[in-house]
Each structure stands twice: as structure tokens, then as C-alpha cells.
Amino acid sequence: MSDTIKVQDHGIWVEITLNRPDRLNSFNDEMHLALRSALEEARDGSARAVLLTGAGRGFCAGQDLGDRDPSKMVGKPDLSKTVRDFYAPLVRLIRGLNLPVVCAVNGVAAGAGANLALACDIVIAGQSAKFIQSFSKVGLIPDTGGSWHLPHLIGEARAKGLALTAMPLPAQKAADWGLIWQAYTDDTLMDEARVLTAQLANGPTLGMGLTKMCIQSAATASLSEHLETEADAMKICGESDDYAEGVSSFLQKRPPVFKGH
């Protein structure tokens with residue numbers, strides 16, 4: 001596998017680290033494909049949760065602009081191809097995983113790096129982290145789902161403010177606004193992230209995956225449609241071994257042992 005990412009297998013959960021620290025983990029094509037492959041392996045294997053983070057002093061600075069420099073290209077770049085071939089499939093893959101994806105943002109998350117984090121299910125950050133919608137600085141729009149996630153998470157006014165000014169948003173304010181889940185001190189971030197991911201992986205991950213899908217689908221469904229979605233999901237949950245174990249452990253006053261099915 002490419003050394004642009006690192007994968008650590010913890011048994012029932014996987015830790016994936018973006019690993020181009022000399023470039024603030026900015027994306028080139030190789031890292032795109034390596035990350036996609038690692039996520040697909042987690043989906044198709046035994047992983048019941050995923051932790052995504054970055055190596056070095058930052059999480060991800062977005063696209064490596066050296067690879068998209070118009071002055072070094074023949075003709076004008078077609079950035080829609082970059083979005084359709086790389087960023088959109090990555091967001092769809094993360095959102096489509098039937099398991100929890102935790103993102104631990106260490107340091108700067110800029111451009112596509114910020115919006116990659118927002119595509120994950122639970123986002124936590126170190127106190128020194130900053131989220132920057134840097135696209136307006138180079139004449140672009142927030143991609144990687146940013147122009148969708150921002151208004152859904154924090155509303156149109158704040159979304160436009162961040163996108164048009166490229167103002168850095170500190171981690172604690174991001175948490176206060178509801179953009180991310182929680183902010184931690186830098187020195188405890190990764191310990192907190194690993195404890196959280198392990199806790200999720202040991203939980204009833206079938207139901208968690210369905211919870212994720214229900215919440216995501218709510219944005220585009222009517223209440224009546226969504227009540228049917230909930231009923232369908234509850235049928236699956238009710239027939240699962242995890243539900244039987246959850247009820248039995250509750251009645252027997254013992255810790256549950258969930259298997260994710």
C-alpha cells in the first residue's frame with residue numbers, strides 16, 4: 001500500500017492516518033486512491049468503526065495545488081474532473097459506510113481537508129485546530145461536500161460567512177456552533193479519539209450504521225417518508241442479535257456483548 005497513508009488495525013476498528021506531513025497532508029492522486037482503498041478494506045473486512053486523522057502538525061491542507069497549477073498545464077484545468085473522480089467518491093464512500101467514522105482533527109483543516117472532516121460522523125478536534133474554507137482565496141467554491149454540509153450544520157448565514165471570507169474557525173468555536181462534536185486539549189485528542197472509536201466499535205454497530213443512514217436521509221425526506229424509513233430500520237434492528245443481547249443484558253443487569261449483527 002502507498003506510504004501516503006498509514007493503517008493500524010485494532011481488531012474491530014481501524015485507524016487511518018493521512019501521511020504527507022511535509023505537505024500538511026494535502027491530497028495528491030496517490031493519497032486519494034490509497035485512502036479510498038483503506039476505507040474500502042475497512043468496509044469489506046471486519047472493522048466496526050474507523051478513526052481518521054493526520055500525521056504531523058496538521059490534519060489536511062486540502063488539495064496539493066502544485067498538482068493543479070494552471071501555469072504548468074497544457075490548457076485550462078478541468079476541476080470538475082478532480083471533484084468527480086476523487087473528492088465526490090470519497091465523500092460518498094464515507095457517508096455510505098454502515099459503521100461509525102470518527103475524525104480527529106489535529107491542527108489545520110483547510111479547504112477539502114476541512115470538508116473531508118465534516119463528511120465523517122463524529123468530528124473531534126484539538127484546541128489548536130482550525131477549520132478554514134480557503135477556497136475563496138483561490139477563486140473556488142467549497143467542494144468535497146462543503147457547500148452542502150456547512151449550511152446543514154450551522155445555517156446559511158454562518159456558512160456564507162466562512163466560505164466567502166475564508167476566516168479560520170477555531171476548534172472550540174466550531175464545537176460551540178455545532179460544526180463538530182467536541183474540542184479537546186491537543187495532548188489528549190488522540191487518546192480521546194481512540195477511546196471513543198473503540199467504544200463505538202464494541203457497541204451495537206448494526207443499529208449505529210442504520211442510525212447514521214436515517215439521520216443522513218432526513219435532510220432530503222418529508223416527515224411522513226422518514227417515519228417509514230425509521231420503521232424499516234427498526235424492523236432490521238429488532239431482528240438482530242444485538243437487540244436480543246441488549247435486552248437480555250439489561251434485564252440480567254450485566255454488561256452487553258455486542259457483535260454488530
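In what follows, every heavy atom counts, from backbone to side chain, and hydrogens, waters and symmetry copies are set aside.
Annotation: the span from Thr165 atom OG1 to Lys137 atom NZ amounts to 7.5 Å, rounded to 0.5 Å. Interatomic distance, Ile141 CD1 to Leu164 CG, rounded to the nearest 0.5 Å: 11.5 Å. Note that the CD atom of Glu15 and the NZ atom of Lys6 stand 8.5 Å from one another [nearest 0.5 Å]. One finds the CG atom of Asp44 at 7.0 Å from the CD atom of Glu40 (value rounded to the nearest 0.5 Å). The distance from the NZ atom of Lys173 to the CG atom of Leu179 is 12.5 Å, given to the nearest 0.5 Å. For the atom pair NZ of Lys253 and OG of Ser248, the computed distance is 13.0 Å after rounding to the nearest 0.5 Å.
Under a hydrophobic-cluster definition in which Ile, Leu, Val, Met, Phe, Trp and Tyr are linked whenever side-chain heavy atoms come within less than 4.5 Å, directly or via other members, Leu196 and Val14 are assigned to different clusters. Linking ILVMFWY side-chain heavy atoms closer than 4.5 Å, directly or via other members, places Leu79 and Leu65 in a single hydrophobic cluster. The cluster map of Ile, Leu, Val, Met, Phe, Trp and Tyr, joined by side-chain heavy atoms under 4.5 Å apart, puts Leu210 and Ile122 in different clusters.
Using a distance-only test at 3.5 Å, with no hydrogens or angles considered, no donor-acceptor pair links the side chain of Asn19 to the main chain of Ala55. Here the side chain of Lys212 pairs a donor or acceptor atom with the backbone of Leu99 at under 3.5 angstrom. A donor-acceptor pair is defined here as one N or O able to donate and one able to accept, closer than 3.5 Å; such a pair exists between the side chain of Asp242 and the backbone of Gly260. Checking side-chain atoms of Asp121 against main-chain N and O of Val101 turns up a donor-acceptor pair under 3.5 Å. In terms of modelled atom types and a separation under 3.5 Å, the side chain of Ser2 and the main chain of Thr4 share a donor-acceptor contact. For Ser37 (side chain) and Leu33 (main-chain N/O), no donor-acceptor pair under 3.5 Å exists by modelled atom type. Side chain of Glu225 to main chain of Ser222: a donor-acceptor pair is present (N/O by atom type, distance under 3.5 Å, no hydrogens or angles). Distance alone, capped at 3.5 Å, is enough to place a donor-acceptor pair between the Asn25 side chain and the Phe59 backbone. Looking only at distances, no side-chain donor or acceptor of Asp64 sits under 3.5 Å from a matching main-chain atom of Asn28. No donor-acceptor pair closer than 3.5 Å links the side chain of Thr197 to the backbone N or O of Arg194.
Closest heavy-atom contact between Thr144 and Leu116: CG2-N, 3.9 Å. In terms of heavy atoms, Leu52 sits closest to Cys120 at CD2-SG, 4.1 Å. Annotation for Tyr243 and Ser240: closest pair N-OG, 3.1 Å, computed over non-hydrogen atoms. The minimum heavy-atom distance between Asn115 and Pro142, with the atom names listed, is ND2-CB, 4.1 Å. Pairing each heavy atom of Phe131 with each of Ala117, the nearest pair is CE2-CB, 4.4 Å. Residues Met208 and Gly203 approach most closely at CE-CA, 4.0 Å, considering heavy atoms.
Between Ser80 and Asp78, the side chains place a donor N or O and an acceptor N or O closer than 3.5 Å (distance only, hydrogens not considered).
Side-chain contact check for Leu200 versus Thr205: every heavy-atom pair is 4.5 Å or farther apart. Looking at Leu51 and Ile16, their side chains never come closer than 4.5 Å, going by heavy atoms from C-beta outward. Side-chain contact between Arg158 and Trp177 is present, with at least one heavy-atom pair separated by less than 4.5 Å. In this structure, Cys103 and Ile124 have side chains that are not in contact, with every pair of non-hydrogen atoms separated by 4.5 Å or more. Residues Met190 and Thr53 form a side-chain contact, since some pair of their non-hydrogen atoms from C-beta on lies under 4.5 Å apart. Counting heavy atoms from C-beta on, the side chains of His226 and Ser217 come closer than 4.5 Å. Annotation: side chain of Val123 is not in contact with side chain of Trp181 (no heavy-atom distance under 4.5 Å). Looking at heavy atoms from C-beta onward, Leu39 lies in side-chain contact with Val50 at the 4.5 angstrom threshold.
The ring-ring contact (aromatic ring centres under 6.0 Å, His included) analysis of residues 5-25, with sequence neighbours excluded, yields the pairs His10-Trp13.
A side-chain hydrogen bond (donor to acceptor under 3.5 Å, both in side chains) with Ser128 holds for exactly one of Asn106, Thr185, Asp186; it is Asp186.
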Determine, stepwise, if the pair Ile236 / Leu206 fulfils side-chain contact (heavy atoms from CB on, under 4.5 Å). CA-CA 9 Å; Ile236 296 170; Leu206 173 66; 4.3 Å; yes

Run the salt bridge (Lys or Arg N to Asp or Glu O under 4.0 Å) check on Lys160 and Glu156 step by step: do they pass? CA-CA 6 Å; Lys160 286 179 177 176; Glu156 184 175 317; 2.6 Å; yes

Chi angles and distances behind the side-chain contact (heavy atoms from CB on, under 4.5 Å) call for Gln133, Leu150: CA-CA 10 Å; Gln133 296 295 322; Leu150 285 170; 3.6 Å; yes

side-chain contact (heavy atoms from CB on, under 4.5 Å) between Leu169 and Leu162, intermediate numbers included: CA-CA 8 Å; Leu169 184 67; Leu162 291 176; 4.1 Å; yes

Applying side-chain contact (heavy atoms from CB on, under 4.5 Å), run through Thr82 and Phe27 and close with a yes or a no. CA-CA 11 Å; Thr82 299; Phe27 274 97; over 6 Å; no

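Contact check on Asp241 versus Lys259 returns no salt bridge, with no Lys/Arg side-chain nitrogen under 4.0 Å from an Asp/Glu carboxylate oxygen. Ion pair Arg254/Glu245 flagged as a salt bridge, since at least one NZ, NE, NH1 or NH2 atom sits closer than 4.0 Å to an Asp/Glu carboxylate oxygen. Note on Glu239 versus Lys235: salt bridge recorded, some NZ/NE/NH1/NH2 to OD/OE distance being below 4.0 Å.
Considering only residues two or more places apart in sequence or on other chains, Lys130 meets the salt bridge (Lys or Arg N to Asp or Glu O under 4.0 Å) condition with none of them.
Within 6.0 Å of CD in Glu228 there are 12 or fewer heavy atoms belonging to other residues, nucleotides or ligands.
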Would you give me the side-chain donor-acceptor pairs under 3.5 Å for residues 87-97, sequence neighbours excluded?
| from | atom 1 | to | atom 2 | distance (Å) |
| --- | --- | --- | --- | --- |
| Tyr87 | OH | Gln63 | OE1 | 2.6 |
| Arg95 | NH1 | His149 | NE2 | 3.4 |

